[in-house]
Structure formats: C-alpha cells, structure tokens
Amino acid sequence: MVSSPQTSPKRPRVFSGIQPSGALHLGNLLGANLRWVTEQDRSDAVFCVVDLHALTTPKAPGEIGQASLELATNLFAVGLDPDKCVFFVQSTVPQHAELAWVMQTVTAFGELSRMTQFKEKRGRAESGDGFISAGLFTYPALMAADILLYDTTEVPVGDDQGQHVELTRDAANRFNSRYGETFVIPQATLPLAGARVMDLQAPNNKMSKSTETEAGIINLSDSPAAITKKFKRAVTDSETEVRFDVAAKPGVSNLLSILGAATGQTPEAAAVGIERYGDLKAATAEAVVELLTPIQARVAELQADPGEVRRRLALGTERATAQATDVMDRVWDRLGTLRA
Ligand code: AMP
Ligand code: TRP
C-alpha cells in the first residue's frame, strides 16, 4: 500500500540541513544549531549533514567524509539527541539523489537561473578556478528533495535560504497538480530578529567562515583566553553609552545580541545594569565561555570515541531511510513508472 501525504500531522515536521564546510562559529551556533536543539523537543525533527550539496564545489578525495564526521561530532556536542530527532548524512540515504532527479524535471531552467545564491556562487567560481558545476545550478532541486522526502511542514533556515524554500513549494505544487496529491507543501520559518551574529571587527558584516581576520570570528573550538581577547578587541564606537541600536551602534548592539542570546534574554534586557563598554565586553566574553565550555568538553569526549558518532549516525540513516522509502514509493506510484 502506498501512503498518502499527511497534510495535517499532529506535530510539526521539521527538516533542516547544513553543509559540511569549515569549522562552526558562534554565528552558526546562535543563528541555527541551538535552534535545532530546541526544535527536537517541539516537533518531529529531521536534520541532515548535506554532503551532496557540498560536492557542488570541488573537494579533495576523502575531504568530504572527514568534514561530515567533524560537523556531526560538533552537532551532537551542541545537543542533537538521536533519541529525539533523526540526524544523518545525506549521501547515506540514496532517495535524496533519486528524488533530486525527479524534482529537476518539475523545476524550470528559468527558475533556477533566478536564484540569488547561484548567481553569487557562480561569480565566485568565475573569479576562482572558473569551474561552475551543473550541480551548483540544480542545487535547489536537491534541496527540494531533502525537504519533500519527509512530508516536512516547517523548514528553519537563515533568510538567505528563503528563496530556495519558495522554489521547493512551487516545484511541489507543480508535481501535485501534474500527477496528483503527493507532497506536503512546506513553509520556511525564518530566524527571530537578532539571530544574526556580526563580525566582531566589522559589525556591519555577518560573522562568516570566509572572513579574512580571525579576530572577528569566535570559533566553537576557541579557548577561553582567545574568546576573552577577541571580545576585548571588539570594535565598538566613539560614544560611551551602552544601548541597543543596530543602525547607530552596530558593534555595541552585536555584543548585546550575543550576550542576550547566550543568556536567554533580549538584547535590551541584557543591557540593563551595564554602564561601560569594558564591562559589556567582559560580560559577553564570560557568557560565551560559559556556553562553549560544556560543548567543547562533549566534543572532546566524542572525538575520543568516533565509533559512537558513527553508531548514532547509522541509527539516523536507518530511521531516515524508512521515511524516505515511503515517500519515494509514493512518488513512483503517482508518476506511474513501470515497476516490474
Ligand atoms: P553557513 O555557515 O553560511 O553554511 O551557514 C550555516 C547555518 O548557520 C545557516 O543556517 C546560516 O543561516 C547560519 N549562520 C551562518 N552565519 C551566521 C551568522 N553570522 N549569524 C547567524 N546565523 C548564521
Ligand atoms: N542550502 C542550505 C544552506 O546552504 C543547506 C540545505 C540543504 C538545507 N538542504 C536543505 C536547508 C534542506 C534546509 C532544508 O544553508
């Protein structure tokens, strides 16, 4: 028996993915990964290390697997719990690549050409080694497959991914109207205001792994001394007042956002009782050290036991495969391919 799409599930179904490229920083943590940890209690959550997406830019042999293991280790350390969510590596569930092909057939060339991320990455590739893979172009069809394979209702992503979720909805609707009700139509859930962590040295830019100066980024693996030093040197402004005002005071506001996010309060509430920039920097550094220290301890424990990380991921693969097989069978059934 082929299943039907559950259009009103009892709990929200959440899917999100992250590429295994580069070390995690405080922006990833506060903007995305900690949100995943809270999602696993509220919803039926599926999270994925999207290694197939990362292959759209060239990699050395073996690099992708190593990066996936590191990222998974970090995310388990941050708090993903295999008993509460399904967490796995994309290439271990072949239905992702299979459905990606089918989604390419219901996605228009013109739609893919309009994707902002493609235009940006294409520009970067052109100024780099000049190789633009076809995968970079069809990337959103693979992302649509990721989302649709789990009858997902909600997709927590950063604002840069909203356009890809919109394309997913359009392609899913197109499939449904051509072949009959098959996919649940998902919705992007964008981060709360203030979930954007800025570079400590250039507070008008997003904290990003592609930034040149290490001083602007807090890495998940930074020592307490390094964290304290980076906050001490953070760019503020020539005034002295501690006040949350992103337009007029981007540096100070970034510190208040970080302090607030790390201590579970609004940036305005975090400002209460802090008079001097020096005190704000010290308080923020302390809160971030307190947030990262237990995570670093769990990373060290898991690194000492890579078999445990693989065991947890294998469990995720098994559970994801069960759901993905069900939806993929539905897709073949609706398409009416010959199933001898
Ligand atoms: P990236 O590192 O750009 O591949 O992003 C991985 C995830 O972290 C995405 O969900 C981003 O939206 C989020 N993210 C990356 N940088 C930041 C930042 N500076 N502030 C908030 N969220 C971020
Ligand atoms: N494209 C996303 C990014 O670069 C990662 C991603 C792949 C994703 N598949 C997804 C996010 C499905 C949400 C849902 O950040």
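Every number for a ligand or one of its atoms is a count from 1 in the order of the listing.
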* Can any side-chain N or O of Asn28 pair as donor or acceptor with the backbone N or O of His25 at less than 3.5 Å? -> yes

* To do: Report all protein residues having a heavy-atom distance below 4.0 Å to some atom of ligand 2; order the list by chain, then number.
  => Phe15, Ser16, Gly17, Gln19, Val50, His53, Tyr139, Met143, Asp146, Ile147, Val155, Val157, Gln161

Could you list each nitrogen or oxygen of ligand 1 that sits under 3.5 Å from a protein nitrogen or oxygen, with the atom names and the distance?
residue  : atom   : partner : partner atom : Å
ligand 1 : 2 (O)  : Asn28   : ND2          : 3.0
ligand 1 : 2 (O)  : Lys209  : NZ           : 3.0
ligand 1 : 8 (O)  : Asn28   : ND2          : 3.0
ligand 1 : 19 (N) : Val197  : O            : 2.7
ligand 1 : 19 (N) : Met207  : N            : 3.4
ligand 1 : 19 (N) : Met207  : O            : 2.9
ligand 1 : 20 (N) : Val197  : N            : 2.9
ligand 1 : 22 (N) : Gly27   : O            : 3.1

* Asked: If you draw the axis of the six-membered ring of Phe175, does the NZ or CZ of Arg334 fall within 45° of it and under 6.0 Å from the ring centre?
  -> no

* Should the heavy atoms of other residues, nucleotides or ligands under 6.0 Å from CZ of Arg310 be counted, would the total exceed 12? -> no

* To do: Examine distances only and state if a side-chain atom of Gln40 and a backbone atom of Asp81 form a donor-acceptor pair shorter than 3.5 Å.
  => yes

* Would you say the ring centroid of His96 lies under 6.0 angstrom from that of Tyr150? -> yes

* Check: Leu259 main-chain N/O paired with Thr284 side-chain donor or acceptor under 3.5 Å -> no

* Asked: Between Glu154 and Arg42, is there a side-chain N and carboxylate O pair less than 4.0 Å apart?
  -> yes

* Looking only at heavy atoms, which two atoms of Arg243 and Val252 are closest? And how far apart? -> O-CG1, 3.7 Å

* **Check: Glu275 side chain, Val242 main-chain N or O, donor-acceptor pair, under 3.5 Å** => no

